[in-house]
Amino acid sequence: MLPFKIHSPETEVSLPSWEKKHIKVTLKRDDLIHPFISGNKWRKLKYNLQKALQLKKSHIVTFGGAWSNHLLATACAGATFKVKTTAFVRGDEQFNNPVLAMCRLFGMKLIYVDRESYRNKEKLYHDYFGEDATSYYIHEGGYGSLGAKGCTELVYELQQEYQHIFVACGTGTTLAGIAHAVDQQDLFTQVHGIPILKNGEFILHECKQLYPDMTPPTLHLDYHFGGYAKSSTELLAFIQHFIATTGIMIEPTYTGKLLYAINDLIHKDYFTPADQLLVVHTGGLTGLLGMYERFEFIDLDQ
Ligand SMILES: *Cc1c(COP(=O)(O)O)cnc(C)c1O
């Protein structure tokens with residue numbers, strides 16, 4: 001129904017220290033799906049959009065922070081599939097940044113709300129659009145069962161079976177979809193999540209909500225670097241090294257923490273030599289636009 005061909009190849013990636021440990025790492029390049037409807041955000045939107053169109057809704061309403069990959073993805077998808085989009089943006093007053101400017105270029109209407117009102121999203125939706133029969137509600141970050149369903153398809157695309165699949169987690173929707181599909185297909189794969197928020201245990205609860213019978217994935221809780229969009233000199237130095245060594249762009253909010261975790265686990269001999277790892281590159285590279293000033297650009301030859 002939605003004409004959108006998924007291009008997300010599996011490509012091997014290596015750092016010299018990983019080779020020494022004989023660990024094979026493959027990236028699932030969801031970052032290549034689309035430049036703006038980035039990675040897992042397309043997977044999470046797909047069935048939501050399909051349902052909205054089936055219900056003859058012509059206006060999508062959703063929620064996000066000022067650098068939200070989900071808002072940018074929704075704005076671009078709305079323009080592509082000819083659906084109006086409105087977003088409630090968390091923030092006390094009107095402000096602008098490159099991501100929000102791109103959202104507006106795609107035709108998205110932004111409504112800025114203070115943190116307190118932002119908490120009660122159902123009320124916001126009801127107050128503004130309760131009377132509007134054309135509106136369709138999509139959760140912040142594309143969270144929910146339709147979002148997770150879209151993410152199961154990542155597993156159905158895989159060309160081989162892996163010992164481990166790793167993904168970065170915000171809401172946990174992508175992780176839940178992947179873990180569910182691994183169960184469904186009866187794969188031997190162990191599924192791992194790297195929460196990028198503090199106190200990431202809640203992700204297991206979210207997974208259970210979405211799929212009550214699921215084999216719980218393994219969470220690694222120590223790679224949040226202080227919380228959402230927080231970073232450290234060490235994380236930024238690793239990201240710089242990874243990008244310069246592989247030619248693959250990552251960013252500090254999600255994929256940087258994910259690959260830092262992989263690197264750390266490899267160095268700590270968490271894996272068995274010859275293990276095959278699949279790491280999901282969920283995209284979100286526009287996050288770099290708000291963070292480039294943090295890099296110290298150390299001399300890698302030293
Ligand atoms: C949103 C996002 C995630 C988190 O996905 P969830 O399904 O919310 O866990 C991971 N990586 C990137 C790049 C994202 O934009």
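Whatever order the structure lists them in is the order used to number ligands and atoms, beginning at 1.
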No-hydrogen, no-angle side-chain donor-acceptor test under 3.5 Å, H59 and T85
no
Quiz: residues 95-108 side-chain donor-acceptor pairs under 3.5 angstrom, not counting sequence neighbours:
| unit_1 | atom_1 | unit_2 | atom_2 | d |
| --- | --- | --- | --- | --- |
| N97 | OD1 | V99 | N | 2.8 |
| N97 | OD1 | L100 | N | 2.8 |
| N97 | ND2 | A66 | O | 2.8 |

Does S231 form a side-chain hydrogen bond (donor to acceptor under 3.5 Å, both in side chains) with R294? I'd like the steps, not just the answer.
CA-CA 9 Å; S231 60; R294 295 189 193 176; 3.0 Å; yes
Under a strict 4.0 Å criterion on non-hydrogen atoms, which protein residues are in contact with ligand 1?
N40, K41, K44, N69, A168, C169, G170, T171, G172, T173, T174, Y254, T282, G283, G284
Return the set of residues passing salt bridge (Lys or Arg N to Asp or Glu O under 4.0 Å) with E206 (not counting sequence neighbours), or none when no residue passes.
none
Side chains of Q240 and I298, heavy atoms from C-beta outward: is any pair under 4.5 Å?
yes
Going by atom type alone, with no hydrogens or angles, which donor-acceptor pairs under 3.5 Å involve a side-chain atom of residues 280-293 and a protein atom two or more places apart or on another chain?
| unit_1 | atom_1 | unit_2 | atom_2 | d |
| --- | --- | --- | --- | --- |
| H281 | ND1 | G283 | N | 3.0 |
| H281 | NE2 | M249 | O | 2.8 |
| T286 | OG1 | N69 | OD1 | 3.4 |

